[in-house]
Protein chains: 2
Amino acid sequence: MVPARKTPTIQDVARHASVSAATVSRVLSSPERVTETTRERVYAAVRDTGYTINQAARSLRLKAARTILMAAPNIGNPFYSTIVDAVIREAAERGYSVLVASRIGDDPNRWLSDYMLSNRADGLLLFDGSLDTNRLHGLRDDGVALPLVAAYDEIPDAKIHSVITDNRLAAKRAIRHLVDLGHTEIGHIIGPSRNQSTNERFIGFAEAMQEAGLVVREEWLFPGTYNMESGTAAAEHLLASGKLPTAVFSGNDEMALGLIHRLRLDGIDCPRDISVIGFDDIAVARFFDPPLTTMRQPREDIGRMATSSLIDIIEGVVPEDEPIHVILTSDLVVRESTRAI
Amino acid sequence: MVPARKTPTIQDVARHASVSAATVSRVLSSPERVTETTRERVYAAVRDTGYTINQAARSLRLKAARTILMAAPNIGNPFYSTIVDAVIREAAERGYSVLVASRIGDDPNRWLSDYMLSNRADGLLLFDGSLDTNRLHGLRDDGVALPLVAAYDEIPDAKIHSVITDNRLAAKRAIRHLVDLGHTEIGHIIGPSRNQSTNERFIGFAEAMQEAGLVVREEWLFPGTYNMESGTAAAEHLLASGKLPTAVFSGNDEMALGLIHRLRLDGIDCPRDISVIGFDDIAVARFFDPPLTTMRQPREDIGRMATSSLIDIIEGVVPEDEPIHVILTSDLVVRESTRAI
DNA sequence: TTGTAGGCGTTATCAA
DNA sequence: TTGATAACGCCTACAA
């Protein structure tokens, strides 16, 4: 219980074990290159001194921080909870730490370059498709491309590694589900337009509508912001438009929840009077009243795969000229917020 | 648009500006100690070379990482979303980065010490009251106490800085609200017992019951785990117990949501047949059906204050022998899940 | 198998 | 006001 006077260094361990610092370093990184006996002595010394490696020194020497940066436009959205968890988990398994950043300040690109170029992080996990592609390419270090994986929200650039979901297809399936139930008057709450995934969902919606021979009515489209309040706003927009659609495809679950809640205030019941399908399958979806029909996003898989891909790239196991493009599939989860007309 | 061959160092900038590296360093940290003219020359050189500081080298030299570690038992819980956001925001404002860790692996303490002692983080924001106090004290560096702030979940140790909420009082107010509505048969879904906040809420519940002259019935107590599934389980427990209470105080909102959902499946309607009050006021609470009455936790304030306190401690503006103890107050938010009997 | 020595990029100290 | 120098703790040639 003697408090350490000072954080022990590799030198202290070396002295303690009567070996050189080099040997200690070797024991720690490649134990097989050291005799059994000295190895044991070093391990003992490590225990005795309570030595832990100094990451700053190690990073400086190795030019690698064994840290990745997860950047999202709004990490405060509960949607990211599962993802953050998966990212941390996967990173930890491979010996990496995770720094998190949210969009802060004016220049959306500056903080990223700061992190990357200052040796704080070895790679970037980007959940924001709205960033300037060129500047991203510009983030270079040592003349080699910055390890970067676009996750969830795609970046329309084939050269950038990405782990995304089949947004367009999923949207089409959502609409087909409604069509199969007999709906012909279908509205759509659109997500924030700066997200590429939003656009993909919108395109899927439009395509499916056309394929079903249905018309997209302008007044049944509403630009939301992915939070519940904008679902409420969408409801008010629809209410004001005079005639309600019989079904609504919401760009995400939260807006769907806001929509259902607000409509009910005016006596419009889901699913009795209107069907609503969401997107994501957030945790509350199945506990809501009515339990929400939605397109389930494999959030955990996104986090895990994006992280492991990024680390693969950092560690050079992925050839630079063969971009990774993982497209995960979303599942239709039918619950009670949609019903036949 | 010429891609840099190599990350420029302070030496490169120095050469570029025809000054010494020391001068460049000075310009960057205390510009007033350098002549206007050289200062300008250095700034220009920084721009030209695209120099960014190497954090690893800086950390090594300064023995400070300008990084804090946020550790929570289950960062995957959406409850933390707002908090993470606030922490990042506050930290960024003071020039700090944020590392996140979740409980991973066997030894809950080991990873923390690893982070701290290895110079990766300068301080710890701990959202987990179940950690061994003594080992926490043992986390020392240079013989001075590890900068540590216990946030949200308190640690029963007066020497540890903390930013928490008035759990016991809040629970009492929740119960009094129910009592004021005429309820006398009140159940409680308890959170995971390893959390101190859980215990505080339970004590508050018990005290308020006693003060109101009500008895706590064993079969109306249910140990949950803070997720919606355990709310469902609580419902089934109550259903099986034969007689339902007329009101339930849930240790958090998510369990309340699961409870309400599950009871409705058996035709027990909230608030018609049973009143439910939650704790936290998570984002969905007001959009749920019925909108949830709950004790609002100032989550953003917790994140912000805990972070700024921690950084104060790191930077030595807080005397070590005067622990910070912030207790934030929770607000009763009356919505529609509770009603007079 | 082990040790010596040099350098990663930065900043603080001391001189000039 | 500015510059030279040393040191932070680690790893890796290279030498023994």
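Convention: sequence-line order gives letters A, B, ...; per-chain numbering from 1. None of the values given here were measured: they were computed from a predicted structure. All heavy atoms count here, side chains included; hydrogens, waters and symmetry mates do not.
In this structure, the helix from C/dT1-D/dA16 to C/dA16-D/dT1 shows an angle of 40° between the axis at its start and the axis at its end, each fitted on 5 base pairs and rounded to 10°.
Distance from the side chain of A/V34 is smallest to C/dT2 among C/dT2, C/dT13, D/dC10. Comparing atom distances between the B/R61 side chain and each of C/dT4, C/dT11, C/dG9 picks out C/dT11 as nearest. In the set C/dG3, D/dA4, C/dT10, C/dG3 carries the atom at the smallest distance from any side-chain atom of A/A22. Ranking D/dT2, D/dG9, D/dT12 by closeness to the B/T23 side chain, first place goes to D/dT2. Distances from the side chain of A/I10 to the nucleotides D/dC10, C/dT11, D/dT12 place D/dC10 closest. Side chain of A/S20, nearest nucleotide from C/dT4, C/dT11, D/dG3: C/dT4. Considering only side-chain atoms of B/L60, the nucleotide from C/dG3, D/dG3, D/dC8 that sits closest is D/dC8.
Both B/R26 and B/A57 sit near DNA chain C, but only B/A57 has its closest nucleotide nearer the 5' end.
For A/K63, a side-chain nitrogen or oxygen approaches OP1 or OP2 of C/dG9 to under 4.0 Å. Distances shorter than 4.0 Å separate some side-chain N or O of B/T38 from OP1 or OP2 on D/dT2.
Protein atom CZ of B/R58 is 14 Å distant from nucleotide atom C1' of D/dC8, rounded to whole Å.
Under a 4.0 Å N-O distance rule, the pair B/R94/B/D312 qualifies as a salt bridge.
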